[in-house]
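Since the structure comes first, as structure tokens, the remarks are kept for the end.
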Amino acid sequence: MALNENFATVWEAIADTLGDAPALSHGPLTRTWAELDDRAARFAGAMADAGVGAGSDDGGAKVGMALYNGPAYTEATFGAFKARAVPFNVNYRYRESELAYLLSNADCEVVVAHPELVDLIEAIRADVPSLRLLVAVGDEIDGSPAGKLPDGWVHYEELLAASDPASRIERSGDDLWFLYTGGTTGMPKGVMWPHSSLLGVFGPTWKGLKVALPDTPAEAARVGGRAAPAWHRTAPDPGGADDARHVLAADDGRAEHGRARHHPDLAQLRSGRAVGDG
């Protein structure tokens with residue numbers, strides 16, 4: 001059995017089942033599944049308001065995530081999925097020429113960027129004529145804006161506040177998520193992953209929960225509902241030494257987490273920056 005669905009459809013079912021349960025934790029900030037769903041829907045609505053059309057089986061609008069780790073990365077990705085758009089990672093280490101290549105290669109229409117990266121993207125904006133919506137994410141803890149922005153950019157929180165949530169639509173498990181490689185042997189390449197294929201690799205997770213693989217979003221939500229109490233009991237203190245950003249492998253107690261403490265990228269993990277290709 002396989003869950004042949006778009007991630008957004010699965011997450012919507014979970015939000016409908018576990019609306020008051022925590023979905024995201026970032027320092028002292030916690031968002032429930034209902035809040036995550038609403039903010040993602042508002043981002044999808046903002047895309048539509050900007051003339052970025054919904055996707056189709058032929059591929060949707062491309063949305064670049066030039067962000068460090070944080071709630072906006074998940075929210076905007078969820079929102080893109082809702083609109084059947086195609087989000088993709090943007091390595092925060094890239095310089096102007098690399099960014100111009102990446103955004104052009106992806107036919108990028110929307111960029112969601114950390115304020116530190118706005119000037120870099122602005123410098124190559126004219127080289128990427130497909131860009132239509134430029135969004136800067138400010139402080140995700142208190143919602144403060146990202147400072148003065150160049151013309152044509154909008155603050156993320158203001159964008160969400162001004163947008164109505166997009167209505168739910170039918171989607172396909174063949175909708176895509178682009179995962180760009182780092183380009184260590186040449187220029188970056190975009191790996192095109194159908195949602196159904198990515199959901200399929202979660203088989204070991206379901207097996208570890210000792211449940212049959214769900215084949216509908218509703219079944220996935222029911223499994224999540226049964227597992228949620230155990231996850232909540234083991235949740236780390238927000239912002240503490242065992243913040244959720246540092247315990248990705250701690251659920252089964254394996255030694256990998258201990259070795260991760262000595263990983264050379266640990267300082268970047270603690271600062272909230274994504275490690276690797278973005």
Side-chain angles (χ1 to χ4, degrees), residues 26 39-40 42-53 55 59-81 83 85-163 177-183 186-190 268 271-278:
H26 181 73
R39 289 170 68 83
R42 290 178 182 277
F43 184 77
M47 289 175 55
D49 292 343
V52 180
K62 312 308 185 294
V63 182
M65 302 295 176
L67 294 167
Y68 304 135
N69 288 343
Y73 205 124
T74 300
E75 293 167 358
T77 296
F78 188 1
F81 288 160
V86 183
F88 65 94
N89 55 305
V90 178
N91 191 331
Y92 68 84
R93 297 185 181 94
Y94 283 169
R95 310 316 295 166
E96 292 177 8
S97 61
E98 295 166 311
L99 282 170
Y101 169 83
L102 178 69
L103 299 182
S104 296
N105 182 262
D107 294 323
C108 184
E109 294 186 45
V110 182
V111 168
V112 185
H114 188 276
E116 291 179 8
L117 306 178
V118 166
D119 287 344
L120 281 173
I121 295 170
E122 182 67 16
I124 53 90
R125 180 175 168 185
D127 299 325
V128 190
S130 58
L131 290 174
R132 305 181 70 175
L133 178 61
L134 303 168
V135 185
V137 176
D139 191 316
E140 296 179 285
I141 302 301
D142 63 16
S144 60
K148 182 174 175 55
L149 297 173
D151 290 343
W153 286 77
V154 62
H155 293 294
Y156 177 71
E157 292 296 337
E158 294 176 1
L159 182 73
L160 297 190
S163 303
W177 191 352
F178 281 3
L179 301 176
Y180 268 88
T181 65
M187 299 305 286
K189 313 265 189 320
Q268 291 171 324
S271 70
R273 285 165 166 74
V275 177
D277 294 333

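Computation of the quantities below employed the complete heavy-atom set of this structure, encompassing side-chain atoms and omitting hydrogens, waters and symmetry-equivalent molecules.
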dist Ser97:OG -> Ile124:CD1 (nearest 0.5 Å) comes out at 10.0 Å
Parallel, tilted or perpendicular: which describes the rings of Tyr68 and Tyr92, with under 30° parallel and over 60° perpendicular? perpendicular
Using modelled atom types and a 3.5 Å cut-off, is there a donor and acceptor pairing between side-chain atoms of Arg132 and backbone atoms of Val110? no
Just verifying a value: how many Å separate Ile121 CD1 and Tyr94 OH, rounded to the nearest 0.5 Å? 13.0 Å
Taking the side chain as every heavy atom from C-beta outward, state whether Asn105 and Pro188 have any pair of such atoms under 4.5 Å apart. no
Where do Ala106 and Lys62 come nearest, in terms of heavy atoms and distance? O-CG, 2.7 Å
Residues at least two apart in sequence or cross-chain that pass salt bridge (Lys or Arg N to Asp or Glu O under 4.0 Å) with Glu157, listed by chain then number, are Arg39
For a 4.5 angstrom cut-off between non-hydrogen side-chain atoms, does Glu109 reach Leu131? no
To the nearest 0.5 Å, what is the distance between CD on Glu98 and CE on Met187? 6.5 Å
Please report the shortest heavy-atom distance between Ala80 and Met47, naming the atom on each side. CA-SD, 4.3 Å
Hey, are the side chains of Pro87 and Phe178 touching, using non-hydrogen atoms and a 4.5 Å cut-off? no
Reported CG-to-CG distance for the pair Leu117 and Leu99, which is rounded to 0.5 angstrom: 7.5 Å
Any pair with a residue in residues 117-131 that passes salt bridge (Lys or Arg N to Asp or Glu O under 4.0 Å), sequence neighbours left out, goes on the list, sorted by first then second residue, please. Glu122-Arg125
Closest non-hydrogen atoms of Ala100 and Val128, given as atom of the first, atom of the second and distance, are O-CG2, 4.2 Å
Does the side chain of Val137 come within less than 4.5 Å of His114's, by heavy atoms? no
Heavy atoms, side chains only, cut-off 4.5 Å: are Phe43 and Tyr156 in contact? yes
Hey, does Asn89 have a side-chain heavy atom less than 4.5 Å from the side chain of Met65? no
Is a side-chain N or O of Arg42 found less than 3.5 angstrom from the main chain of Ser163, in a donor-acceptor match? yes
Non-hydrogen atoms of Gly79 and Ala44 that approach each other most closely: O-CB, 3.4 Å
Residue pair Leu149 / Val154, side-chain heavy-atom distance below 4.5 Å: no
Just verifying a value: how many Å separate Tyr73 OH and Asn69 CG, rounded to the nearest 0.5 Å? 8.5 Å
Would you give the length of the straight line joining atom CD of Glu75 to atom CG of Leu67, rounded to the nearest 0.5 angstrom? 10.5 Å
Please enumerate all residues that pass ring pair (Phe, Tyr, Trp, His ring centres under 6.0 Å) together with Trp153, with sequence neighbours excluded. none
What pair of heavy atoms forms the shortest contact from Ala136 to Val118, and how long is it? CB-CG2, 3.9 Å
Taking the side chain as every heavy atom from C-beta outward, state whether Leu102 and Tyr180 have any atom pair closer than 4.5 Å. yes
